[in-house]
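One structure below.
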Amino acid sequence: MLRMATKILIAVTIFLIIFLSFVPIYWTFVTSISLDRDLALTTSHWFPPSPTLKNYVEILTSPIRGVAYEFRRALVNSTIIASLTTVLTLFLASFAAYSVERLKVPFRKTISYLVVLTQMLPPIILVIPIYLLFGRMGLLNHKMSLVIIYTALNLPFAIWILSSYFGRLPVSVEEAAIIDGCGYFDVLWKIILPLSKPALFTGGIFVFLAAWNEFLIALVLTTDLKAKTLPVAIAEFMGRFRTSYPLMCSAGIISMIPPIIFVVLFQRYLIEGLTKGAVKE
Amino acid sequence: MIRRSFALLLLGVITVLSFAVVELNTILGPGDLDYYIARNQEFYEKTGIRVNITVVPYGRDVVPKLIASFLAGGSEYDVFIIDCIDVPEFVENGWVLPVDQWLTEDLKKDAVPFALDGMAYKGHWYGLPSISEWKSFVYNKKMIEKVGYKEFPKTWDEVVKLSKKLQEAGVVKYATAWSWAPKECLVCDFVAILSSFGGKFFDEDLNPVFNDEKGVQALQFMVDMLYKYKIANPSSLSWTEDDVYSAMFNGDVAYAMMWGLPLVDLNNPELSRVVGQCDIALMPSVDGKHPYTVSGPMGWAISYGTKHPKEAWEYIKFIAGPEGALDAAVKAGVVPGWKSVFENKEFKKKVPGLDKMFEQAMYVVHRPRVPWYHEFSRVLAEELHKALAREKTPKEALDAAAEAAVKIREEYEKTHGKASK
Amino acid sequence: MEKKKRRLGYLFILPSLVIIFFVLLFPLLFALYMSFFDVVFAGKSMKFYFAGFENYLKVLKDQSWWQSFMNTIYFVLADIFIGIPLGFISALALNRKLPLRSLIIGIVMLPYILPPIVHALIWKWIYNADYGFLNATLLNLGIIKENILWLVNPKLALISLIIANLWQGTAFATIIYLGGLKSIPGEIFEAAQIDGATRWHITKDIVIPLLKPFTYLLLVMKTILTFKIFDLVYAVTGGGPAGSTKVVSLEIYYTAFNAFKFGKASAMSYILLGIVAIIVAFYQKFFRTEVEML
């Protein structure tokens with residue numbers, strides 16, 4: 001069926017994709033286990049002559065203002081904030097997408113346009129007003145404030161991803177269910193959403209990462225470990241280790257681990273979606 | 001009866017407690033963080049006032065947070081470190097508290113002039129000098145001895161000759177490196193070199209004069225160091241001060257300019273591989289007679305909206321006054337802004353090369369103390385960079401920057417002229 | 001029935017609208033308001049001096065602004081014309097049974113997962129002229145004789161950053177297309193193959209059209225998001241060398257937090273918004289897609 005040439009082409013493509021995605025990170029890792037003075041040797045031989053884990057040890061056990069402690073707290077904060085944001089956003093977006101796509105809510109074109117318009121302003125200009133707004137309400141330095149803000153920022157795209165997907169699903173099953181007397185709520189919850197696992201996953205990843213990696217608003221709105229997020233904490237470490245690339249790279253690698261774990265864990269749902277996929281006639 | 005006295009007692013305790021529980025908030029970058037934490041602990045033990053530090057990533061990341069807090073009332077951070085180039089802007093915006101009322105004559109007399117000036121604007125003072133530094137010219141003595149030099153040259157021509165010898169002899173690949181990333185560091189270097197050519201930045205009426213022939217000469221020299229003489233590492237165009245320090249610590253370059261008390265770090269075996277090899281020289285100049293360098297004093301200031309001005313002042317005095325500065329100098333290598341500290345025996349013992357440094361301190365040049373400095377500095381940095389990247393000639397670049405300076409100044413005066421009506 | 005549907009529609013979409021506008025409405029309007037004034041600070045208060053369209057005119061006449069704008073456009077063009085096709089090809093290649101599938105997809109997503117500051121660090125290190133991996137490898141392979149100044153040479157810096165951005169942007173396109181490909185029922189493939197269609201045919205005439213909504217989504221999202229690019233440029237080059245990597249967000253940042261000109265920064269933001277909105281409207285006309293959302 002598949003000609004040999006095509007097979008090879010595909011294999012090469014896949015290899016290239018993996019290689020190019022991975023290599024820069026490999027380089028970062030290798031730098032992180034090098035000694036400062038060996039950097040020139042490391043980069044020309046793709047592996048350090050005397051690999052050491054001392055940078056990691058230093059970061060994770062150093063008593064300097066409990067760097068490890070701060071990192072852990074920030075990690076917990078980010079996990080909570082990003083997870084809550086994702087759940088809330090996907091939940092609300094499902095309803096909104098359904099109302100746009102199937103319920104044909106009036107003015108949906110205008111609403112869609114306005115909503116997407118909010119995405120076009122750079123966050124920099126929003127930071128000060130948001131700070132003033134939340135400051136007046138005494139909601140600074142709260143995890144929930146960040147959750148609400150991130151939800152607002154990510155809803156437009158989440159709604160859009162989901163409605164693109166909903167639009168592709170054939171209406172036949174829904175129509176059958178409605179004729180059978182099923183309420184729209186149940187249709188959404190019991191029929192559409194289970195079929196939309198890929199979209200939920202895609203949208204979920206997008207929102208989770210957007211919330212996880214957001215920096216500027218988190219920087220300005222948080223002051224202490226009650227709500228400080230990981231990107232802000234990492235930037236601090238970077239600031240402290242500025243004179244040593246190996247140290248900075250170590251901090252970078254450590255900060256990559258939580259998102260990687262998240263993605264690896266939830267990736268299975270995408271595979272599930274593959275097998276449960278299409279409409280069974 | 002008993003209940004009433006108990007209530008009174010409770011009231012009294014609460015009152016006393018509410019006075020005792022004063023907390024100050026400050027915001028800092030990650031530099032010397034441990035030192036400040038330790039000092040804050042000492043302050044707490046001495047006065048019972050807690051000082052909380054919010055740490056921000058390095059650099060101007062502090063600014064959005066500070067501005068946001070100022071616009072929200074200014075009580076989120078009580079004290080903070082302010083750079084001399086920030087003072088005019090912050091004062092014009094009404095964000096800092098003047099400290100005239102607490103500044104005694106003794107303090108004024110003890111202050112190193114340029115350091116205190118850095119904290120002053122339009123006749124008032126807005127903080128205490130803490131990091132009162134300038135850029136020193138540091139060189140590796142061992143290296144220049146290898147090519148037969150006993151002293152560091154005083155003129156730029158001689159420096160070029162020395163650099164070429166060093167490179168030809170294989171002592172270093174590049175004789176020097178500069179912090180010429182298109183940021184404030186580039187402007188600082190330019191100001192230093194400009195002054196060493198006898199040039200001036202602005203005249204008394206705040207008109208730009210840096211594009212006169214001396215300015216062009218200075219910038220041309222910077223360009224030549226990269227391309228004509230090839231004595232400076234071309235990566236300098238993307239380096240900030242830290243990269244230059246690394247190069248110096250590693251023995252990759254023979255001389256460079258450094259802030260602070262460079263010899264303290266250069267002799268620290270944990271940081272440097274050239275321990276004991278370096279010394280300080282007076283800034284070279286075009287004719288040996290203009291050994292000027294750029295100043296960069298910083299200080300502690302008080303936010304206009306602080307709820308505890310008196311305690312804030314106590315803290316500033318503790319951390320940046322003469323005793324505090326001595327402590328900071330000895331423990332954290334922070335350059336003090338008080339004459340008494342420079343004359344202190346312990347300080348002199350700890351810091352090598354102090355006499356040469358002090359000599360240099362007599363020849364410092366300030367960057368212009370104007371509220372529109374930041375906007376201008378960025379434009380200047382970009383124009384300088386264009387010249388250094390050989391996209392424009394030095395004259396073109398400096399003229400463009402001068403034009404921009406006038407435009408920025410006029411725009412500022414127009415907008416703020418409206419404000420004072 | 002229709003009325004019930006409509007009412008339910010309102011109910012379903014209401015919470016989302018409430019949150020979006022609660023959080024963003026004030027900032028958006030505030031920024032719009034500021035753009036027509038010169039904003040001066042006096043302690044806690046901000047004084048507003050009416051300036052009409054002056055801020056807007058100043059921005060449009062500013063050469064620096066246009067340079068940043070052009071640089072930003074290059075990022076967007078690369079993201080769209082290189083990132084999207086590459087993402088499509090990657091998704092096609094990965095959309096099959098593979099050994100260690102989870103791991104592979106995980107790796108492919110890595111570029112997208114990284115915190116922006118780590119992303120910037122990685123590329124800053126790769127492009128480092130003296131010690132970086134790129135130069136070291138090229139030197140080793142004998143392709144170059146001297147270190148190339150990727151981030152220092154004004155002619156190279158922008159391209160270097162664009163590549164770094166593409167590295168991340170392509171991963172995003174891959175993910176979206178992978179999700180999209182899942183939405184195509186397997187039966188369609190089988191039916192086409194039974195009909196004797198070649199793989200190329202299937203791809204061209206079936207897959208691409210079926211994925212149109214996703215392509216459209218990527219097009220719009222990437223345009224909107226890439227126009228706002230900030231973290232990478234700020235952390236790696238700060239806009240240099242010689243202003244060759246200045247982007248619009250950077251200009252706005254400096255105007256607001258360096259020059260403290262909030263009015264002008266707001267005007268810049270709204271000019272950006274206007275331009276992006278026009279481009280997106282153009283996409284809409286051009287695509288005339290069946291997707292309801294936009």
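A quick note: this is a predicted structure, and the numbers were derived from the prediction, not measured. Letters A, B, ... mirror the listed sequences (proteins, then strands); counts begin at 1.
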Whether C/S16 side chain and A/L92 backbone form a donor-acceptor pair below 3.5 Å: yes

On a heavy-atom basis, the closest approach of C/V23 and A/A152 is CB-CB, 3.5 Å

Looking only at heavy atoms, the pair that brings A/I124 and C/F257 closest together is CG2-CE1, 3.8 Å

To the nearest 0.5 Å, how far apart are CG in A/L132 and CZ in C/F26? 6.0 Å

Specify the closest pair of heavy atoms between A/P129 and C/P27, including all atoms of both residues, with the distance to one decimal. CB-CA, 3.5 Å

Residue C/I107 versus chain A: region with a heavy atom under 4.5 Å: both

Working to the nearest 0.5 Å, report the span between CD1 of C/I122 and OG1 of A/T31. 9.5 Å

Under 4.5 Å to a heavy atom of chain C? For A/F206 that would be both

Below 6.0 angstrom between ring centroids: does that apply to A/Y245 and C/Y131? no

Between C/L14 and A/F95, is a side chain to side chain contact (heavy atoms under 4.5 Å, CB included) present by the stated rule, with each step listed? CA-CA 9 Å; C/L14 199 61; A/F95 286 97; over 6 Å; no

Rounded at 0.5 Å granularity, tell me how far CG in A/L16 sits from CD1 in C/I89. 11.0 Å

Which answer fits C/L272, side chain, backbone, both or neither, if we ask what part of it has an atom under 4.5 Å from a heavy atom of chain A? side chain

Which of C/I20, C/T223, C/T174, C/L210 touches chain A most, by non-hydrogen pairs under 4.5 Å: C/I20

Could you check which of A/I205, A/I130, A/V30 has the highest count of heavy-atom pairs closer than 4.5 Å to chain C? A/I130

Region of C/Y10 in contact with chain A, defined by heavy-atom distances below 4.5 Å: both

Could you tell me which portion of C/F22 (side chain, backbone, both or neither) has an atom closer than 4.5 angstrom to a non-hydrogen atom of chain A? both

Please examine the side chains of A/L216 and C/F230, heavy atoms only from C-beta on, and report whether any two atoms are closer than 4.5 Å. no

Checking C/L24 against chain A: side chain, backbone, both or neither under 4.5 Å from a heavy atom? side chain

Do A/W212 and C/I113 have side chains that approach each other closer than 4.5 Å (heavy atoms only, starting at C-beta)? no

Please state whether the side chain, the backbone, both or neither of C/L17 comes within less than 4.5 Å of a heavy atom of chain A. side chain

C/W125 side chain to A/T28 side chain, donor-acceptor N/O pair below 3.5 angstrom: no

Do C/V280 and A/M120 make a side-chain contact, defined as non-hydrogen atoms from C-beta onward lying under 4.5 Å apart? yes

What is the distance from atom OG1 of A/T118 to atom CG of C/L28, rounded to the nearest 0.5 Å? 6.5 Å

If you measure from CG on A/N213 to NE2 on C/H119, what distance do you get to the nearest 0.5 Å? 11.0 Å

Which atoms of C/Y112 come close to chain A, meaning under 4.5 Å heavy atom to heavy atom: side chain ones, backbone ones, both, or neither? both

At a heavy-atom distance under 4.5 Å, which candidate from C/P116, C/A171, C/A31, C/A265 has the highest pair count against chain A? C/P116

Choice from C/N128, C/D231, C/I117 maximising heavy atom contacts with chain A below 4.5 Å: C/I117

C/P115 side chain reached by A/L230 side chain, heavy atoms, under 4.5 Å: no

Between A/I149 and chain C, with a heavy-atom cut-off of 4.5 Å, which part of the residue counts as in contact: side chain, backbone, both or neither? both

Does CZ in A/F15 sit with more than 12 non-hydrogen atoms of other residues, nucleotides or ligands closer than 6.0 Å? no

Residue part contacting chain A, namely of C/N135, when any heavy atom lies under 4.5 Å: neither

Nearest heavy-atom neighbours spanning C/I13 and A/A96: CG1-CB, 3.8 Å

Assert top hit (heavy-atom pairs under 4.5 Å, partner chain A, pool C/V248, C/L92, C/L273) equals C/L273

If one checks every heavy atom of C/L225 against chain A at 4.5 Å, the contacting part turns out to be side chain

Determine the interplanar angle of the C/F12 and A/Y98 rings, folded into 0 to 90°, and report it as parallel if under 30°, tilted if 30 to 60°, perpendicular if over 60°. tilted

Between C/W167, C/F227, C/Y270, which has the largest tally of heavy atom pairs under 4.5 Å with chain A? C/W167

Atom pair CZ (C/F214) and CD1 (A/I161), whose distance is rounded to the nearest 0.5 Å: 9.0 Å

So which residue, C/L25, C/L110, C/V108, C/L217, ends up with the most heavy-atom pairs under 4.5 Å with chain A? C/L217

